[in-house]
Amino acid sequence: MAGAFFTDGFTIQDLLSKDGVTLEANNELDGLEEEYEYSSKVFMSNDDILKHLNLDDENDTESNNAEQLMFNLNLKFDKLRDNMTDVLGNGKIMKLIKKQGVGEVIPSDSQVFLTYVASFEYNDEPFDSSYAHGSGPESFILGQGGLLPGLEIGVLTMKKQEVAAFLISPEYAYGKLGCPPRIPGDQEVLFIVNLVNYIDQSNIVEFEKLSIEERKAFKAAKGKIHVLMETGNDNFKKEKTKQAIRDYTRAVKMLEEARLNNDEEEDEQKKYLSRIYCNLAVCFNKENRPRNACVACQKIPNPSAKSYFNFGRALIRLGEYEQAKEQLWKAKELEPANKQTLLEIKLADDLHTKYKDAERRLWSNCLKVSKEEAARSEFEKIAHEICKNFLNDTDSVRYPLPDGLTPEEDKIIRDIAISHGLSITNHKRYGKEIVFLTKSNY
């Protein structure tokens, strides 16, 4: 790693790279992943959005995160060692389980998702922490040198959702030289690790050995599809929404091309497709791409409260307020106590009321503009107001205009729209042609 911004922090993996880490002073941060910001007017935090992704472990809490558990540990290493078990039998890597995991010990070629805190004896604060990087669990593929040797050996003794402390001697950590000035030489280190999740890569290895035709079998493709879903979930948690979209899209393509042998496989395929298309809708809404979100929702084989909610949210942004409320009420029927759905219904109602009010005001001056200059002036004033309000409305990328306008009225609105940097689009929907104001990102 030739250079890094100090504000970005650095990881153990960076320190172990052959190029090391060089700190550079710079007042600008570039290379941001997200091209669009999420609307501040939408009543939804990022944690709320995560709940709308179909993750395997939706009910996990933060009560067991490693950073909190660290403060329950006695950091005098000699006393801590008395309560630990010897991983290798030579006292070089010691382990203390703080929270039992589930299932079996992870396979040796896994992709692991970890949160961790690393400290020296008697230090007031950690010298490294995944929490300081601000991007959720960090991902490593075991056997590729991304972790310290002693830490990788320790992780290979863990189970999913386990939290454990590891005391690692210098020869299995940073060695006699260390990594000055941050890491002293010949230093024993303590890691508290939370194994949030893992993906068994053995399925991928076997999958890559198959022929193109063999890979199309649903049974063979399932492992690869699961990995893509997990990777997409991880990218979404890290705010890498575009990568998550790519992961989910690849999984969908594999599912839709998979060769099914029986009804059971078809049912399982539909469950996978329902989860992934719903996740795509969440991602597209976050990226302010409501048309894509609508397409994803329409392809869901087994709709759910989450999918109806995200369909409604996308339709709001497209100015389809009545249709949005239809979808949101379906979501409420399935989850009557969901407060988020009620807030979204209220948002759709409020926007629909504003639209109907603007429509009435326009119509009160329609068909008069060619006869009365005052009517024309009022018509233009209302059109300017509609365009301005639409531009300031971060919830919508499209706004419907009243139908039945005369050619002169239509021209007035088009000219005013252009002056505000807006466009006019026509769509044939519900058996009639509908005219919309649209933004540049539509």
Side-chain angles (χ1 to χ4, degrees), residues 9-16 60-106 108 110 112-134 136-140 142 145-198:
F10 51 88
T11 66
I12 294 169
Q13 190 170 6
D14 297 331
L15 292 170
L16 290 174
D60 285 354
T61 67
E62 296 297 318
S63 60
N64 293 308
N65 79 49
E67 192 168 33
Q68 292 174 352
L69 286 169
M70 180 178 181
F71 299 106
N72 296 327
L73 295 172
N74 187 337
L75 295 184
K76 293 181 180 180
F77 285 3
D78 284 342
K79 290 185 178 180
L80 182 60
R81 188 178 286 104
D82 292 340
N83 297 308
M84 304 179 93
T85 58
D86 192 338
V87 174
L88 295 177
N90 59 6
K92 301 296 183 179
I93 303 174
M94 305 296 290
K95 177 181 180 181
L96 174 64
I97 297 177
K98 294 295 293 180
K99 174 179 176 277
Q100 293 290 341
V102 297
E104 302 295 325
V105 172
I106 66 171
S108 59
S110 297
V112 295
F113 301 90
L114 309 173
T115 55
Y116 65 86
V117 177
S119 180
F120 304 128
E121 191 171 25
Y122 303 121
N123 271 26
D124 292 335
E125 59 184 44
F127 68 85
D128 190 17
S129 169
S130 63
Y131 301 96
H133 309 150
E138 298 197 9
S139 173
F140 303 90
L142 301 181
L147 294 173
L148 290 173
L151 184 56
E152 178 154 332
I153 291 170
V155 169
L156 281 168
T157 68
M158 299 181 74
K159 300 177 182 179
K160 181 179 177 180
Q161 297 176 16
E162 179 180 324
V163 180
F166 296 98
L167 203 54
I168 305 173
S169 62
E171 56 263 52
Y172 287 92
Y174 299 99
K176 291 185 177 181
L177 297 179
C179 294
R182 184 76 168 168
I183 313 290
D186 205 29
Q187 183 71 50
E188 191 173 31
V189 295
L190 174 69
F191 277 86
I192 296 90
V193 180
N194 180 6
L195 179 56
V196 179
N197 202 357
Y198 73 91

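Numbers here are sequence positions counted from 1. Predicted, not measured: the structure shown is a model, and the values here were computed from it.
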Query - Lys159 side-chain N/O to Gln100 backbone N/O, donor-acceptor pair under 3.5 Å - result: no
| task | Check for a donor-acceptor pair, side chain of Asn194 on one end and backbone N or O of Val163 on the other, with a separation under 3.5 Å. | result | no
Between the CG atom in Asn83 and the CD1 atom in Ile97, the distance rounded to the nearest 0.5 Å is 13.0 Å
Distance col, row Glu171:CD vs Asp186:CG, nearest 0.5 angstrom, shows 8.0 Å
Closest heavy-atom pair, Pro137 versus Val196, reported as atoms and distance to 0.1 Å, is CG-CG2, 4.0 Å
When every non-hydrogen atom of Gly150 is compared with those of Ile168, the smallest separation belongs to C-CD1, 3.7 Å
Looking only at heavy atoms, the pair that brings Ser108 and Leu142 closest together is O-CB, 3.5 Å
Q. Relative to each other, are the rings of Phe140 and Tyr116 parallel, tilted or perpendicular (30° and 60° limits)?
A. tilted
**Message:** Quick test of your reading of the model: are Lys79 and Asp82 salt-bridged, counting only N-O distances below 4.0 Å?
**Reply:** no
Can you confirm whether Leu88 is buried at CG, in the sense that more than 12 heavy atoms of other residues, nucleotides or ligands lie under 6.0 Å from that atom? yes
Rounding to 0.5 Å, atoms CZ (Phe77) and OG (Ser169) come to a distance of 12.0 Å
So Leu190 and Leu80, do their side chains get closer than 4.5 Å, heavy atoms only? yes
Correct closest heavy-atom pair for Ile106 and Tyr198 would be CG2-CD2, 3.4 Å
NZ of Lys160 to CG of Asn197, rounded to nearest 0.5 Å, is 4.0 Å
Apply the test side-chain contact (heavy atoms from CB on, under 4.5 Å) to residues Gln187 and Phe127: give CA-CA distance (whole Å), side-chain angles for both, the deciding distance (0.1 Å), then the verdict.
-> CA-CA 12 Å; Gln187 183 71 50; Phe127 68 85; over 6 Å; no
Of Lys92, Met94, Lys95, Glu121, the one forming a side-chain contact (heavy atoms from CB on, under 4.5 Å) with Leu167 is Met94
Given the options Leu147, Leu148, Ile93, Ile153 meets side-chain contact (heavy atoms from CB on, under 4.5 Å) only with Ile93
In terms of heavy-atom contacts, Glu188 and Phe120 come closest through O-CD2, 3.9 Å
